[in-house]
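Notes follow the structure.
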There are 2 protein chains.
Amino acid sequence: MATIGDVARVAGVSRSTVSYALSGKRSISPETRRRVDDAIRELKFTPNAGARSLRTAQTGVLGLLVQFHEDEFAPAMLQYILPITETARTLGYDILMMTENDGAEALTRAAESGMVDGLILLDVIDGDPRVDALRATHQPGVLVGLPGDTRGLDVVDLDFVAAARNLVDHLVELGHRDVVLVSPPRHVFDRGGTYSWRFRDAAVQRASEIGLKLTARYGESQQPAIDANLHEILDESPDATGLIMHNDASVAALPRLLHERGVRVPDDLSVVSLYSRDFARWFSLPYTAIESSPGLLGKVAITQLTQRIAHGDDAGPHGTRLVAAEIVDRGSTR
Amino acid sequence: MATIGDVARVAGVSRSTVSYALSGKRSISPETRRRVDDAIRELKFTPNAGARSLRTAQTGVLGLLVQFHEDEFAPAMLQYILPITETARTLGYDILMMTENDGAEALTRAAESGMVDGLILLDVIDGDPRVDALRATHQPGVLVGLPGDTRGLDVVDLDFVAAARNLVDHLVELGHRDVVLVSPPRHVFDRGGTYSWRFRDAAVQRASEIGLKLTARYGESQQPAIDANLHEILDESPDATGLIMHNDASVAALPRLLHERGVRVPDDLSVVSLYSRDFARWFSLPYTAIESSPGLLGKVAITQLTQRIAHGDDAGPHGTRLVAAEIVDRGSTR
DNA sequence: CTGAAAGCGCTTACAG
DNA sequence: CTGAAAGCGCTTACAG
């Protein structure tokens, strides 16, 4: 592998000139520039990342901390990972992906060893140990998912409160009076997945405000429990005319299950949910839904993080950005 | 951030002693060791990754090149990414994930800049430009997916030939005489996805050897084309009693579609396929299938790669490892 | 069992 | 417009 010294020798200039030609941080005569460029091309020179990061204390790498919970639906995670990786690259960063169970330890290791310039925490929950680890490192970081205590943190999440209200209003406007909500599994509530109760509590409150009967139930995330749970829920609310699905694994199973029960959508039952366009495509889901916007969330998160890396506290106050909840009408309600 | 010099000062020893205490490459007196360990703990010292990689020319990072084709089923990719990341960590490596469209350029950039010790190419096709780029870098690499020319390469893939034979034999043993195969979309064949024709050609050949009528059809990978395509295929082979699904997106849609058509499995139709246990779980797929073993493939690939990194050509001859195709009986045939 | 020193490949203040 | 030199934080041959 060629070094900057090799390039300097071939071009007949000093190493600093090669470095400045690369960075553009001072002006170079056209003739010198040409010779340097030729030498770089001839030697296929690429600056060594380790040396550069040692000198500049910048790596051009962001650490992405992904966690997989048994009670969550793994394929949904990919929707977030991909746009994050792509947005990062657009801004000149690569992604170091860390999937360890002990996310706090992984985060600390990446930060303390200077492997990354910043950190993205995916699927953050209330009381998430990674958040304490992030605070301890003094590294720039951004959370996707809202914890309880956000002091001093940059956070991005979907506006689940607005999402729940929108869906409730949508059904009420169509004349529904008896609706069932299928939430994430109870275990998600218990371990601090704030999106679960933010959505449910907002739906319950909105329903009571406008006189809708709303029955909130826990869903499941693993077969065969999903099917049994959905059958039970539907059996126990025979008069419900609307169904709000806030559960990835359950809504993915719903089309087949409703077909088995002979329930037609929207003729017999109006169904609304919350998921992304990609998710709808992968699972052939035909329901009107709040767009969960993983691509936008990833983009906002990475943009915020890179500005924090570049400007520190001058990038503005730390805070929470809730992405607006927009409804995509797929005709599954009436 | 504390440096090795800070630790040395606090412990009252030289920097080399701290370094050797860390690496264990020479013996240290118990008393010195204690003082060094105390200082490391006190200062929360973690060696700087950039400095270490500059000195040792080793990064402890592997580059993972992921590609997303429009004609493939994205959620299936996660099955490979996760076990690769986890196996790598077990062996002391982190994963730099690269998803650029121009995979060859990304690979070259990662390798030439010395960001990684080795490369994993996911979903390799025949004529894959990343393979040429890999050869040019002289970096250790492993391919998941079999290209046409494997000279000098370490390759890991599922044994699709054995998989196809197993499934054909399984159906024939049960007495089936007329079977339909749904392959990946035509576009996957055209762009060099060797798994598509390795599986199809082996199935066709095996069928002709043992006198089975086998109709091979192209599937689709995007709705609504998937449904239309499957309906057409089933309509045009009304006498077929068996169905071999070699198409992730189509098989994911099959349970609902068969239900809509009133086709019961296995009473009216025997169905076999090829996917992983995770995939079956995510999509509630009830079909007997060849286990595609993404976890095992990832593990074999990473193990092979790390040995190549450690021992170069002494790690044994370059070659192709085909993972055995095992059938998981889910009772969808008779 | 331990230390002083060289050097990995960059970037950048300093000097001209 | 350009160059010589220092130094980022490690590891390891060399010396004792």
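Computed from a predicted model, the values in this text were never measured in an experiment. Lettering of chains follows the sequences in order, A, B, ..., and the numbering in each one begins at 1.
Partner assigned to D/dA13 is none, using Watson-Crick or G-U wobble distances below 3.5 angstrom. Across all strands shown, D/dA4 forms no Watson-Crick or G-U wobble pair with both distances under 3.5 Å.
Distances were taken from every side-chain heavy atom of B/Thr32 (C-beta onward) to each of C/dT2, C/dC10, D/dT2; the shortest belongs to C/dT2. Between D/dC1, D/dA6, C/dT2, one nucleotide has an atom nearer to the side chain of A/Arg15 than all others, and that is D/dA6. When the nucleotides C/dG3, C/dC10, D/dG3 are ranked by their closest atom to the side chain of A/Ser16, D/dG3 comes out on top. Closest to the side chain of B/Thr56, from the set D/dC10, D/dT11, D/dA6, is D/dT11. Closest contact between the side chain of A/Ser14 and the listed nucleotides D/dG3, C/dT11, C/dG3 involves D/dG3. Picking from D/dA4, D/dC10, D/dT12 the nucleotide with the shortest atom distance to the side chain of B/Asn48 gives D/dC10. For B/Val13, the listed nucleotide lying nearest its side chain is C/dG3; candidates were D/dT11, C/dG3, C/dC10. Considering only side-chain atoms of A/Leu54, the nucleotide from D/dA13, C/dC10, C/dG9 that sits closest is C/dG9. Of the candidates D/dC10, D/dG3, D/dA13, the closest approach to any side-chain atom of B/Tyr20 belongs to D/dA13. For B/Arg55, the side-chain atoms get nearest to D/dC10 when compared with the rest of D/dG3, D/dC8, D/dC10.
Toward the 5' end of DNA chain D, the nearer of the two residues B/Ser23 and B/Gly50, judged by each one's closest nucleotide, is B/Gly50.
Per the geometry, CD belonging to B/Glu31 stands 14 Å off C1' belonging to C/dT2, to the nearest Å. As rounded to whole Å, 15 Å separates atom P of D/dC1 from atom CZ of A/Arg35.
With salt bridges taken as basic N to acidic carboxylate O contacts below 4.0 Å, one links B/Arg191 and B/Glu72.
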